[in-house]
Amino acid sequence: HSILSILLFLLTSTTMSEAQSILDYYKLMSDYDNDIKIHKLTEKEGQWYVQNNNSKIVKIDLDEKNNFLELKDKEEGGIFTLQLSLLKQTKGEVLIAMVKNHMDMFLHGEIHIIKYRNGRFNDITKEVLPEINYQDFTEKTMSIAASAYNADFNKHLEFGYQLPRDGKTAYAEMKTEVIKNKCAQKDSSVSDYCNSLNEIAYSTIELIWNVKEGKFVLGEKK
């Protein structure tokens, strides 16, 4: 009986303490997400790094106080950015926010809000995050007929995300610097898109974390 009690205590203790910091959650997420799995955490002289599949060591930006972690790894033709942040709810629950951005000519990003409970991960993004698309970065008053609308551009032009370092405000970000520079240089590879850049009226959309409701609400566009 006493051995069983000790085993139950140890099991409960492990479950309760398995995830406290952002580093703990990152390690747990390696069983859930392949991009985290291939970027293994390693520590050297108090500094945290990740090691990728090519055995390259990448320094990570770690803010333990605010439970925020970011790594940037060069990939073919661009940069891959991975961010992890913790979001608190009034009930005391903690959600994991994960962003993956790929930056080449365009910025392609995805965001996931994940609930971790009893050793299981559940993606609840659709429940807690307003859907944002390309049109949200344009002026609604501008008629498509009057603008230099390009359906192909609309399909390819994507945006990325920036997670909150303080658990409060995230951003959807439209970055067009690379393509604007190519347009200025009259680069033929982007000529189909140059006129359509005029459609974009905003570069960031606020996503404010509402602790009480446990979801993001749309904020200002800038």
Side-chain angles (χ1 to χ4, degrees), residues 33-36 38-39 50 52-54 56 58 60-61 68-85 97-114 123 125-126 128-165 169-209 215-222:
D33 183 82
N34 198 48
D35 283 310
I36 290 180
I38 64 174
H39 287 91
V50 289
N52 65 17
N53 267 7
N54 300 319
K56 191 175 81 174
V58 180
I60 64 173
D61 178 3
F68 174 87
L69 181 155
E70 179 183 71
L71 68 91
K72 290 188 177 183
D73 192 8
K74 285 185 182 175
E75 57 184 4
E76 192 176 343
I79 296 172
F80 169 65
T81 301
L82 175 69
Q83 296 177 344
L84 223 61
S85 181
M98 176 174 66
V99 154
K100 298 178 187 183
N101 290 327
H102 299 266
M103 183 67 194
D104 42 43
M105 188 165 78
F106 300 113
L107 176 62
H108 311 272
E110 58 184 88
I111 184 169
H112 299 278
I113 312 300
I114 299 147
D123 192 319
T125 310
K126 289 183 178 178
V128 301
L129 189 76
E131 189 176 343
I132 294 176
N133 59 39
Y134 162 75
Q135 296 294 330
D136 291 309
F137 291 89
T138 65
E139 283 288 8
K140 300 285 185 189
T141 53
M142 183 188 287
S143 72
I144 288 173
S147 69
Y149 182 76
N150 182 319
D152 191 44
F153 183 59
N154 186 15
K155 186 173 71 178
H156 287 97
L157 182 64
E158 296 180 45
F159 48 91
Y161 294 90
Q162 170 66 48
L163 284 179
R165 282 179 175 263
T169 305
Y171 296 90
E173 298 184 321
M174 178 72 75
K175 293 197 174 181
T176 55
E177 293 93 335
V178 174
I179 192 168
K180 277 181 178 175
N181 287 337
K182 286 180 178 286
C183 288
Q185 293 160 13
K186 299 194 175 354
D187 187 324
S188 58
S189 69
V190 299
S191 58
D192 289 346
Y193 305 130
C194 295
N195 287 338
S196 302
L197 283 172
N198 298 328
E199 280 185 42
I200 301 164
Y202 305 102
S203 58
T204 60
I205 299 172
E206 283 183 335
L207 293 161
I208 301 163
W209 180 245
K215 60 172 63 175
F216 282 101
V217 293
L218 288 174
E220 287 186 46
K221 295 182 181 184
K222 295 176 183 176

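Because the structure is a prediction, the values reported are computed rather than measured.
Below 30°, between 30° and 60°, or above 60°: for Y193 and F106 the angle between ring planes is above 60°, a perpendicular geometry.
K56 NZ: more than 12 foreign heavy atoms inside a 6.0 Å radius.
Residues I111 and T125 share a closest heavy-atom pair of O-CG2, 3.7 Å. Shown here for F159 and Y134, the closest heavy-atom pair between the two residues is CE2-N, 3.7 Å. When all heavy atoms of P130 and V128 are compared, the pair lying nearest together is CD-O, 4.2 Å. Of all the heavy atoms in L163 and Q83, the pair that sits closest is N-OE1, 2.9 Å.
Taking CG from D35 and NZ from K100, the interatomic distance works out to 3.5 Å, rounded to the nearest 0.5 Å. Atom CH2 of residue W209 and atom NZ of residue K215 lie 9.5 Å apart, to the nearest 0.5 angstrom. Put simply, CG on L71 and CG on D61 are 10.0 Å apart, with the number rounded to the nearest 0.5 Å. Interatomic distance, E177 CD to K182 NZ, rounded to the nearest 0.5 Å: 13.5 Å.
Remark: F68 engages no residue in a ring pair (Phe, Tyr, Trp, His ring centres under 6.0 Å) (not counting sequence neighbours). Not a single ring pair (Phe, Tyr, Trp, His ring centres under 6.0 Å) links Y171 to another residue, sequence neighbours left out.
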Could you pull out all donor-acceptor pairs under 3.5 Å where a side-chain atom in residues 200-208 meets a protein atom, sequence neighbours excluded?
from, atom 1, to, atom 2, distance (Å)
Y202, OH, E139, OE1, 3.4
Y202, OH, E139, OE2, 3.2
E206, OE1, E220, N, 3.0

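Side-chain contact between E70 and T81 is present, with at least one heavy-atom pair separated by less than 4.5 Å. Side-chain contact between I36 and M98 is present, with at least one heavy-atom pair separated by less than 4.5 Å.
When each of E110, H108, E75 is paired with H102, the side-chain hydrogen bond (donor to acceptor under 3.5 Å, both in side chains) condition holds for E75 and for no other. When each of N52, D73, N34 is paired with H39, the side-chain hydrogen bond (donor to acceptor under 3.5 Å, both in side chains) condition holds for D73 and for no other.
N101 places a side-chain N or O within donor-acceptor distance of the main-chain N or O of Y161, the cut-off being under 3.5 Å. At distances below 3.5 Å, at least one donor-acceptor pair connects side-chain atoms of D136 with backbone N or O atoms of N133. The main-chain N or O of P164 is found under 3.5 Å from a side-chain atom of S85 such that the two form a donor-acceptor pair.
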